[in-house]
Protein chains: 2
Amino acid sequence: MAIYDDILAKVREQLPRMTHARKCVLRCLCESEQPLAANDMQVMLADADVDAATIYRNLETLCQIGVVHKVEMSARGALFALADNDHSHSIKCTECNCRVDIGDCFMAEVEALIQQRTGFDSVRHLVNFTGVCPQCRQPQQQ
Amino acid sequence: MAIYDDILAKVREQLPRMTHARKCVLRCLCESEQPLAANDMQVMLADADVDAATIYRNLETLCQIGVVHKVEMSARGALFALADNDHSHSIKCTECNCRVDIGDCFMAEVEALIQQRTGFDSVRHLVNFTGVCPQCRQPQQQ
DNA sequence: CCCTTATTGCAAATCATTTGCAAGTGAAAT
DNA sequence: ATTTCACTTGCAAATGATTTGCAATAAGGG
């Protein structure tokens with residue numbers, strides 16, 4: 001949980017209070033390899049006694065101070081992730097919903113290419129891969 | 001609109017009826033370079049006299065026959081795109097929300113790599129890039 | 001043009017997200 | 001340890017997206 005502690009320290013420098021709810025939200029983000037929807041956190045924190053509204057408000061605050069990165073997918077849907085995480089990606093099977101890790105994030109080169117092509121700075125990415133896993137591809141043979 | 005006509009023909013082969021609403025949904029998907037949320041289509045089709053429920057039902061049907069690809073972002077949120085589109089990607093500025101095209105999709109190699117690493121088939125991707133555009137990076141100097 | 005039934009529109013039901021406001025609680029100062 | 005202040009929270013109500021039931025509509029074959 002070194003990452004968690006680092007993040008906590010960083011947040012303490014930027015916000016006046018460190019509360020139970022705020023820690024819970026940060027813990028969710030640290031524990032997840034995937035970007036999360038606010039709703040996903042509600043599920044993860046079902047036993048933690050944190051109100052849904054509080055989760056939303058914390059996410060907003062954490063985005064404002066730059067610790068969390070928000071990706072707006074459409075009008076109502078957004079995903080959240082730690083802003084500086086060293087992450088990997090995974091791929092989800094469309095048949096059985098299993099998820100397999102792909103390994104270290106190989107998007108750095110892609111981001112560099114984008115920066116070069118467009119002149120954009122601070123390039124970030126959200127990716128989502130789907131496919132059919134080896135088990136589901138074969139007609140199941142007992 | 002060659003793509004649109006091709007898709008229409010493909011759908012006609014798979015479904016018994018081709019309705020006004022169904023055409024509208026397909027047109028939205030053909031016209032958009034980005035994957036769309038159901039809600040985005042409601043906005044695009046505000047004048048087209050298509051009920052929201054109908055949009056959702058058509059998207060579900062089109063996914064079932066494999067013409068549309070659904071990416072579930074979280075419990076309630078999903079994005080939709082044509083399953084076989086030859087697309088490009090763009091990057092959105094987090095400051096001014098402008099969107100700049102990146103050019104042809106360079107994810108084919110990435111998908112090949114993933115296929116090799118994981119054994120998954122039919123690999124598809126959804127990506128979302130954000131950054132700070134050249135205009136916003138400079139403190140605005142009149 | 002008629003028939004069959006897939007599809008639609010409408011209304012109601014669900015569920016996620018946002019907002020207002022009084023109560024609760026960190027943390028600095030005592 | 002206690003007090004104090006205002007940042008945060010929980011609750012409840014409001015808002016808006018998505019889903020579902022059902023009667024009415026309309027696409028396409030005969």
Side-chain angles (χ1 to χ4, degrees), chain A residues 5 7-29 34-65 67-68 70-81, chain B residues 5 7-29 34-65 67-68 70-81:
Chain A
D5 292 330
I7 297 279
L8 230 64
K10 190 184 298 184
V11 173
R12 274 184 214 275
E13 287 173 11
Q14 307 232 239
L15 295 175
R17 307 279 164 81
M18 176 54 65
T19 64
H20 170 64
R22 191 159 286 163
K23 284 180 196 165
C24 285
V25 168
L26 289 169
R27 188 153 33 75
C28 280
L29 292 169
Q34 306 294 315
L36 296 172
N39 187 240
D40 299 328
M41 297 188 213
Q42 286 179 51
V43 174
M44 293 171 76
L45 298 177
D47 304 324
D49 201 43
V50 177
D51 192 75
T54 301
I55 294 177
Y56 286 98
R57 282 187 282 225
N58 265 300
L59 286 170
E60 191 185 332
T61 306
L62 292 167
C63 284
Q64 282 168 3
I65 65 170
V67 167
V68 169
K70 174 181 188 174
V71 185
E72 316 212 21
M73 301 309 303
S74 66
R76 281 252 152 163
L79 298 183
F80 300 86
Chain B
D5 292 331
I7 297 279
L8 230 63
K10 189 183 298 185
V11 173
R12 274 185 215 275
E13 287 173 12
Q14 308 232 237
L15 295 176
R17 308 279 165 82
M18 177 53 67
T19 65
H20 169 63
R22 191 159 286 163
K23 284 181 196 164
C24 285
V25 168
L26 289 169
R27 187 153 34 75
C28 281
L29 292 169
Q34 304 295 315
L36 296 172
N39 187 241
D40 298 329
M41 298 188 211
Q42 287 179 49
V43 175
M44 293 171 77
L45 297 176
D47 304 324
D49 201 42
V50 176
D51 192 75
T54 301
I55 295 176
Y56 285 99
R57 282 186 283 225
N58 265 299
L59 286 170
E60 192 185 331
T61 305
L62 293 167
C63 284
Q64 280 168 4
I65 65 169
V67 167
V68 168
K70 174 181 188 175
V71 185
E72 315 212 20
M73 301 309 302
S74 65
R76 287 231 143 185
L79 297 182
F80 300 86

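Throughout, protein chains are lettered first and strands after them, A, B, ... in sequence-line order, and every chain is numbered starting at 1. Quick caveat, the model's predicted, so the values are computed rather than measured.
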Within the distance-only criterion (no hydrogens, no angle test), does the side chain of B:R12 pair as donor or acceptor with the backbone N or O of B:M18 below 3.5 angstrom? no
For the side chain of A:R57, starting at C-beta, report the closest nucleotide among C:dT19, D:dC22, C:dA6. C:dT19
Distance check needed: C:dA22 C1' versus A:D51 CG, whole Å only. 14 Å
In this structure, CG of A:L8 is separated from CZ of A:R27 (nearest 0.5 Å) by 10.0 Å
Atom CG in B:L45, atom CG in B:D51: separation rounded to 0.5 Å? 11.5 Å
Point-to-point distance, once rounded to the nearest 0.5 Å, from CD of B:Q34 to CZ of B:F80: 16.0 Å
Within residues 19-26 of chain B, find the residues that approach DNA chain D with a heavy atom at under 4.0 Å, and present them sorted by residue number. none
With DNA chain D as reference, determine whether B:A52 or A:P16 sits nearer its 5' end, using the nearest nucleotide of each. A:P16
Starting from P on C:dA6, measure out to CG on B:L62 and report it in whole angstrom. 16 Å
Atom CE of A:M18 to atom C1' of C:dA28: distance rounded to whole Å? 17 Å
Can you tell me if the side-chain N/O atoms of B:T54 get under 4.0 Å from OP1 or OP2 in C:dG9? yes
What pair of heavy atoms forms the shortest contact from B:C28 to B:L36, and how long is it? O-CD1, 3.7 Å
Just the atom pairs and distances: protein N or O near nucleotides 1-5 of chain C's N or O, under 3.5 Å.
from	atom 1	to	atom 2	distance (Å)
C:dT5	O2	B:R17	NH2	3.4

Between B:I55 and the options B:M41, B:R22, B:M44, the side-chain contact (heavy atoms from CB on, under 4.5 Å) test singles out B:M41
Separation of atom CG in B:L79 from atom P in D:dA17, rounded to whole Å: 15 Å
Distance from B:K10 atom NZ to B:L15 atom CG, nearest 0.5 Å? 12.5 Å
Rounded distance (Å) that lies between atom P of C:dG26 and atom CZ of A:R12: 11 Å
Taking A:H20 for its side chain and A:V50 for its backbone only, find out whether a donor-acceptor pair lies under 3.5 Å. no
If I take atom CD in residue A:Q64 and atom C1' in nucleotide D:dC7, what distance separates them, rounded to the nearest angstrom? 13 Å
With sugar-phosphate meaning primed atoms plus P, OP1 and OP2, does B:A53 contact a base, only sugar-phosphate, or nothing at under 4.0 Å between heavy atoms? base
Can you tell me how far P of D:dT19 sits from CD1 of B:I55, to the nearest Å? 12 Å
Just to verify, which of A:T61, A:V25, A:N58, A:V67 counts as forming a side-chain contact (heavy atoms from CB on, under 4.5 Å) with A:V11? A:V67
Between D:dT9 (C1') and A:L45 (CG): distance, integer Å: 14 Å
